[in-house]
Each structure stands twice: as C-alpha cells, then as structure tokens.
Number of protein chains: 2
Amino acid sequence: MCAKKILVVDDEQPLVELLTANLEREGYEVISAGDGLTAIELAEHQKPDLILLDWMLPKLDGFEVCKRLRPKTTAPIIMVTAKGEEIDKILGLEIGADDYITKPFSPREVLARVKAQLRRDTYVNKETTGTDNIIKIGELEIDKSAYQIRRAGVDVALTFREFQLVLFLAENAGQVFSREALLQHVWGYEYFGDVRTVDVTVRRTREKLEPDQNNYRYILTKRGVGYYFDKSQ
Amino acid sequence: MCAKKILVVDDEQPLVELLTANLEREGYEVISAGDGLTAIELAEHQKPDLILLDWMLPKLDGFEVCKRLRPKTTAPIIMVTAKGEEIDKILGLEIGADDYITKPFSPREVLARVKAQLRRDTYVNKETTGTDNIIKIGELEIDKSAYQIRRAGVDVALTFREFQLVLFLAENAGQVFSREALLQHVWGYEYFGDVRTVDVTVRRTREKLEPDQNNYRYILTKRGVGYYFDKSQ
DNA sequence: TTTATTTTCTCCAAAAATGAAACAAAATTG
DNA sequence: CAATTTTGTTTCATTTTTGGAGAAAATAAA
C-alpha cells in the first residue's frame, strides 16, 4: 500500500504540528502550508490525496483557496472551521468542499474523517467492474468480480497477487513485460523490491494454474526479456 | 447491480459539473440537460433512475417539467430550489416531487438524498411486485419485508446491520466486495469508522447464521480482497 | 563441450490479513 | 432513566501470503 499524502493548511503552527503528528502516526505523509497562496502552489506541485483546509487564513482565505483548488484537483477537501460559521456555504456548491470539521476537534475525529474520505476515493475504483466481468481465454475464465479463475470449469485457488498477475498478463496477452514492468503494474508504482520477486510469484502461479508443469501453456518466458501470456490460448 | 442513471437538470453549467463529478465518484451514471424541454426528452429516451431538477429553468420551469414528467416516469424526482420558495407546493400533489433540496447545499447532502430515494425506489418496487419479497438461496430464506431470515425453516435472529449485510451480499451473490465497498453499501454514505468494523459484523453474523462454525457456507472470505456470498448455495 | 548468463526452485523469515475476544460506546426499550 | 441490546473499537493470536537469498537447472553463446 502506498502512503497517502495529505496537505494541511493552517496558520496556527501548533495546530499544524498536532495534526501532522497524528496523521503521520497513522502512516500518512504530511505536507503543510501556512497561508492560502502557498497552499495552492503546494497542491498543484505535490498532488496531495487529501486537503485539510482551515477557514481563516492570511492572504487568501479558505473559501477562496477551496474555490480555486476545486477545478485543479479531485482530491477531497475537508474544511476546518470555527463553530457558528456558515457551514451550509462551506459545503455549498460555490465552494465544493467534501466535508468539514468544527473547532475544537479531537484528533480522532479528524483521523476518522480523513480515513472516510480517502476510503471513498478508492472505493469507486474497486467496484466499477462494469459489464465485462469475465474474461475468457481458451479454457481459462477470469472472473473479475469474484476474483476467481477457473480452468476447464474448475476453480484455481490463487492468492491475490497471483490473481492480479494473471489478470494483468491475460488482459495484455501476447505482450512481453519485463520484470520491472510487472512490478510497476501488478505490485504498484511505489514498490521497491527485488525483481526476483516476480520470478517467485510466476513460479507459484504456474504451479497452481498450469496443467502440465513441464510444458507451460499460459505464462511463458521470453528469455532475456520477461514474461507474457500466450496469445494463442 | 448496474450503475444507476441520474438525470441532472440545471442551467448553471458549473453546478451541473460539480454534481456530475460527485455523483460519478459514487459510481452513478450521469446525464444532464440545461433546460426543461431537453430534460423531458432525455427522461423519456434514457429512462433515468432518478431526476435532480432545478426549479428555475429556461424554456420550461421545474414546476412544469415535473408535472409533465410525473405521468411518464416512476423515477423519483428531487427538486432543487432556493430557500424561501414554496416548498409545500413542490412536494404537493400538483407537482409530485419526491423530495427537495434548498440551495446552497453540500454535495454530501445531495448524495444522501439521492441514495435515500434510490433505496426507497428499490424498496417500493420490490414491494409492489408482491411475490418477490422473499429471496431464497438454498435453504436460506430472506424475507425483505419482515426483515427476517430463516434457515431450513428456522428463524435466525439477526440484528438490523447483520440482516442488511446478509441481504446485500446475497443479492449480489458471487461478487466479492471490499470492506470499503461494504461500508458504503451496508453502513451508508456518511459512516466514519474503521473498516475492521466489517470483520466484526461478519463474524457475529456467521456465528448466528452458519450451521457449521468451522466450515462456512454462506459468507466467505476472499483473502486480500473482502467478503462474498457463496453463489453455489 | 565448456562457459556464462538467465531462469527456476527451495527454504526461511518477515509481513500482512484475518479471526477471536474483551471492552466501550451508543442506541433502544420498558 | 436504568437496563438491555446492539454496534463499534482495540488488542492479541493465528494463519496465510509474500519477499529474499542462494543453489540447481536450463539455455544460449563461444
């Protein structure tokens, strides 16, 4: 899993520190800005996954910052406000914040809301499986919504990573991928590991997937390059 | 479950965009119209599952659009109005809108109401069809109107959440859902809590529902992904 | 055939996911 | 408003998966 980056915008230094400490303790990467202009700049260049934005800011207030940010980023914005401020406006259409928290707040509450917003973000990706949920290649069926592969109608028990590997290769059948490329696509962009990991996962997958261990049909090796899924299957 | 289609009718382009973005982020399919006539046309041909309709519109105002739409579609209509407009008329018989939202509103609020209406929609449909109120899967009977589950004819005493969980999974049997997705669908849009809550509820449900605690039949785990209802039941 | 390179295999340790249980908070009911 | 039930959180234990290192095997080249 990758560390989500959170931009904290507030002019009160102690508050920023408190939030930073709490967020970092939960494994988030935190960047911060003390005023609106810096916030916009940071948001553009650092591309945070979520923005915690104070309402009262020097130079450019939260309202303005939010309005300018909205067209530039899809990251959820949580406004931090004092009680009594016009909450309906904050969440209103003009601004487009995703949520708000009123001061004083507990760190736990902030964390809960941050988590919930980030969750919502990832949620869509996992489920928009759409119509075409089963890929068929020869006698292989890859069911994307059941995370299940069948060969000749029989379930093949793969782990999550193994499944992802087969899915990726099968969706790009015929194309050879280097180990580095597979690490990128199957493991994720910020994965720093040994390329040998790919070999091991390929072997384990073959063990479960291939009917004939001496004559592989699905995941083939392109010596000196990498692996690919046999298109003719 | 296919993506619900929502028709957004408003003449302010930025507003439409904001709503579209938010709705799509929740997995809905969005179509839009900028005036009343287009709205009616779209509603007829695209058959949306829900209509978000602004009060002030060029060519044909929301009042008229709603009145003409009502006989043609059973989709819930949510009126978008400025504060101070005659709300009782909007919901009244003459127009027949199902709900209303006053400007300015938060995206969250809109999503909440959309969701609520769609939920009621499916509920009403399932009820008016009468017969189909009991889902049978193997020796399991899920009685949606009695909020009651029977296994082999014997009542299983589940709490509301547990019931909702089983119902949702059973209605989408075979499809694996991440904990995040389950929080969204079973707990609701504004739930701020830990994903592990799902684990605990699953465990409690299994305790009551499953006949064999060492060999689950209904709610199964897909390691690394989430939970699903066994299709073969 | 021999050598060098690449791939595969095996084992072990680390990390992650899940399950279970205990506890706390919140909601419901009488 | 007190008691009960439901729901959510946290912690700990267990299981499963994953990653890494090096030996063995296979392949290509000399």
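Naming: A, B, ... by sequence-line order, numbering from 1 per chain.
- Between B:Glu162 and A:Glu162, it is B:Glu162 whose nearest contact on DNA chain D lies nearer the 5' terminus.
- Taking every side-chain heavy atom of B:Val200 into account, D:dT9 is the closest of C:dG19, D:dT9, D:dA21.
- A salt bridge links A:Glu162 and A:Lys208; the closest N-O separation between the charged side-chain nitrogens and carboxylate oxygens is under 4.0 Å.
- Between B:Arg161 atom CZ and C:dA27 atom C1' the separation is 11 Å, expressed in whole Å.
- Remark: C1' of D:dT10 and NZ of A:Lys115 are 11 Å apart, rounded to the nearest angstrom.
- Heavy-atom nearest nucleotides on DNA chain D were determined for B:Lys208 and for B:Thr197, and the one closer to the 5' end corresponds to B:Lys208.
- Between B:Phe168 and B:Phe177, the ring planes are tilted. Angles from 30° to 60° get that label.
- With rounding to whole Å, A:Glu207 atom CD is found 13 Å from C:dT8 atom P.
- Between C:dC9 and A:Arg196, no contact under 4.0 Å exists linking OP1 or OP2 to a side-chain N or O.
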- For the pair B:Gln175 and B:Lys231, evaluate side-chain hydrogen bond (donor to acceptor under 3.5 Å, both in side chains) and give the outcome as yes or no after the intermediate values. CA-CA 8 Å; B:Gln175 187 175 346; B:Lys231 213 172 184 175; over 6 Å; no
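- For the pair A:Asn214 CG and C:dT8 P, the interatomic distance rounds to 13 Å; values are reported in whole Å.
- We find that CZ of B:Phe160 is positioned 13 Å from P of D:dT6, with the value rounded to whole Å.
- Applying the 4.0 Å criterion to OP1 and OP2 of D:dT17, one finds that A:Thr159 has every side-chain N and O outside that range.
- For B:Asp194, the listed nucleotide lying nearest its side chain is D:dT9; candidates were D:dT9, C:dT8, C:dA17.
- A donor and an acceptor atom never sit less than 3.5 Å apart when one is taken from the side chain of B:Arg204 and the other from the base of C:dG19.
- Remark: C1' of C:dA26 and CH2 of B:Trp187 are 16 Å apart, rounded to the nearest angstrom.
- If you check every strand for non-hydrogen atoms under 4.0 Å, B:Phe163 touches nothing.
- Contact annotation: A:Tyr227 side-chain N/O to C:dT8 OP1/OP2 distance is under 4.0 Å.
- The nearest whole Å value for the distance from the CG atom in A:Asp199 to the P atom in C:dC11 is 18 Å.
- For A:Lys5 (side chain) and A:Leu50 (main-chain N/O), no donor-acceptor pair under 3.5 Å exists by modelled atom type.
- Taking only side-chain nitrogens and oxygens, B:Thr201 never comes nearer than 4.0 Å to OP1 or OP2 of D:dT7.
- Between B:Phe163 and B:Tyr147, the ring-plane angle classifies as tilted under the 30° and 60° cut-offs.
- Side-chain nitrogen and oxygen atoms of A:Thr221 include none within less than 4.0 Å of the OP1 or OP2 phosphate oxygen of C:dT6.
- Rounded to whole angstrom, the span from the CG atom of A:Leu111 across to the P atom of D:dT9 amounts to 12 Å.
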